[in-house]
Amino acid sequence: MRLLLVHACSSLRVPVPAGGRMRIAVYLAHPRAGSFNHAVFDAVVEELRGRGAEVVAHDLCAEGFPAVLTADETGTVEAAEAAQDAQVAQHRAEVAAVDGMVFVHPNWWGMPPAVLTGWVQRVLVPGVAYKLGAAEGSLPDYSERAGRSC
């Protein structure tokens, strides 16, 4: 999967290979209908479809995506359990099947809106978006360096 970052002020250049049909997921995280971010989202979806891509488009705020991470979802090494929330399960299945993802959101206080942060924490989980090795392991032995200054 490729992650495509599109800055709202950049020109839209989305690579979709000729003859190939990519499946791209586009996510909008802005609560106010009619915002500049909505216009960018609409333009991205239209451009991708115009280039022959299969587009899965989500307006996370309008869909009421449940952004609050549960205690059971906080594992970081083992593959995630099946999602109890149907909407989260749907998004996980879609992420596992796409070739690329586009996120459209404002930058508020140096961060994306909470709905996108919650989406990342609940959807991009081990076994869906990445896989880590076992939690066991050892740290390098730095005891011989003890007492020495750098």
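Keep in mind that what you see is a predicted model, and the values were worked out from it rather than measured.
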For A53 against I24, the heavy-atom pair lying closest together: CB-CG1, 4.2 Å
Point-to-point distance, once rounded to the nearest 0.5 Å, from CD of Q121 to OG1 of T70: 11.0 Å
F41 side chain reached by H30 side chain, heavy atoms, under 4.5 Å: no
Which atom of E73 lies closest to which atom of V68, heavy atoms considered: OE1-O, 4.3 Å
Steps toward side chain to side chain contact (heavy atoms under 4.5 Å, CB included) verdict (F103, W119): CA-CA 11 Å; F103 297 92; W119 183 92; 3.5 Å; yes
Spacing of CZ belonging to R23 relative to CD belonging to E54, to within rounding of 0.5 Å: 4.5 Å
Side chain to side chain contact (heavy atoms under 4.5 Å, CB included) between Q90 and H58, intermediate numbers included: CA-CA 11 Å; Q90 173 193 349; H58 289 286; 3.7 Å; yes
Residue E46 excluded, over 12 heavy atoms near CD under 6.0 Å: no
same_hphob_cluster(M111, V120) at 4.5 Å side-chain heavy-atom cutoff: no
R122 side-chain N/O to A67 backbone N/O, donor-acceptor pair under 3.5 Å: no
Side chain to side chain contact (heavy atoms under 4.5 Å, CB included) between L28 and L60, intermediate numbers included: CA-CA 6 Å; L28 171 64; L60 298 176; over 6 Å; no
Shortest non-hydrogen separation from A57 to R49 and the atoms involved: CB-NH2, 4.5 Å
Minimum heavy-atom distance between G64 and Q87, given as atom pair plus value: O-OE1, 3.5 Å
Min side-chain heavy-atom separation R21-R51 under 4.5 Å: no
CG-NE2 distance between L116 and H105, expressed to the nearest 0.5 angstrom: 5.5 Å
In one Ile/Leu/Val/Met/Phe/Trp/Tyr side-chain cluster, 4.5 Å: V40, V56: no
R92 versus V123, closest heavy-atom pair with distance: CG-O, 3.7 Å
Check against side chain to side chain contact (heavy atoms under 4.5 Å, CB included), H38 and D59: CA-CA 9 Å; H38 278 76; D59 180 337; 3.3 Å; yes
Cluster check Y27, L69: I/L/V/M/F/W/Y, side chain < 4.5 angstrom: no
Validation row: V88, P66 side chains within 4.5 angstrom (heavy atoms): yes
Closest non-hydrogen atom pair between P113 and A29, with its separation: CG-O, 3.2 Å
